[in-house]
Amino acid sequence: MNRNRRTTHSTESGRDVQMSFDQRLQANARERYRTHSVNSAFNNLRQLIPTEPRNRKLSKIETLRLAKSYISHLIAVLVTGNGQRPCVDTIGHQRSEGLSEQPDEPPARPPICTFCVTFDKS
DNA sequence: TAGGCCATCTGGTCCT
DNA sequence: AGGACCAGATGGCCTA
């Protein structure tokens, strides 16, 4: 690669600023490091979410959605004191909020929580 | 082979 | 000015 290459980097005032190739490489390295730290946070979060089967690797989007669902499940456990299937007893968390969280997707799912089902099997 | 997921690069914007 | 954060583009890997 040509280390003398320059890339433009415009500011909010619209003025183009020359960015040296070395600066670009440094920015790339920082971004890589930042992405790795985000991934390590995702890995930490994954370890806290029970899956079926056990040790199934969750994607990032699955991790976020299931984390939200798991928090709701734990809240239901606290509210009802029912450690088995608490979510069927609560109003606010009556359906699975697991993998399909599309905004425009109709809620066509039986009123059972993902984690109630998971813990039933175990 | 198509689709999903991911890492990396890149440029724009915001913040200190 | 420099760094952090973010989103889009791109290409590679894996699985059904």
N/O to N/O distances under 3.5 Å, protein versus nucleotides 2-6 of chain B:
{"from": "dC6(B)", "atom 1": "OP1", "to": "K60(A)", "atom 2": "N", "distance (Å)": "3.3"}

Polar atom pairs (N or O), protein with nucleotides 6-16 of chain C, under 3.5 Å:
{"from": "dC6(C)", "atom 1": "N4", "to": "E31(A)", "atom 2": "OE1", "distance (Å)": "3.2"}
{"from": "dC6(C)", "atom 1": "N4", "to": "E31(A)", "atom 2": "OE2", "distance (Å)": "3.4"}

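Separating the CG atom of N28(A) from the C1' atom of dG3(C) is a distance of 14 Å, rounded to the nearest angstrom. Atom P of nucleotide dT8(B) and atom CZ of R24(A) are separated by 15 Å, given to the nearest angstrom. Here dT10(B) presents its C1' atom at 14 Å from CD of Q23(A), a figure rounded to the nearest Å. Distance, F21(A) CZ to dG11(B) P: 11 Å, rounded to whole Å. Separating the OH atom of Y33(A) from the P atom of dG3(C) is a distance of 15 Å, rounded to the nearest angstrom. The interatomic distance linking D22(A) (CG) with dG2(C) (P) rounds to 13 Å, in whole Å.
Partners of A67(A) by side-chain contact (heavy atoms from CB on, under 4.5 Å), not counting sequence neighbours, listed by chain and number: L45(A), I49(A). Remark: R34(A) pairs with E31(A) by the salt bridge (Lys or Arg N to Asp or Glu O under 4.0 Å) rule, at least two apart or across chains. Scored by the side chain to side chain donor-acceptor pair (under 3.5 Å) test, T35(A) finds no partners at all (sequence neighbours excluded). With sequence neighbours left out, I71(A) forms a side-chain contact (heavy atoms from CB on, under 4.5 Å) with I75(A).
Within the structure, ring-ring contact (aromatic ring centres under 6.0 Å, His included) contacts touching residues 35-55 of chain A (residues at least two apart or in different chains) do not occur. Residue pairs satisfying the ring-ring contact (aromatic ring centres under 6.0 Å, His included) criterion with at least one member in residues 51-70 of chain A, sequence neighbours excluded, are listed as follows: Y70(A)-F115(A).
OP1 or OP2 of dC9(B) lies within a sub-4.0 Å distance of a side-chain N or O belonging to R32(A).
Residues near Y33(A) contribute nothing to a hydrophobic cluster around it, because no ILVMFWY side-chain heavy atom sits closer than 4.5 Å to its side chain.
Using modelled atom types and a 3.5 Å distance limit, the side chains of N28(A) and R32(A) yield no donor-acceptor pair.
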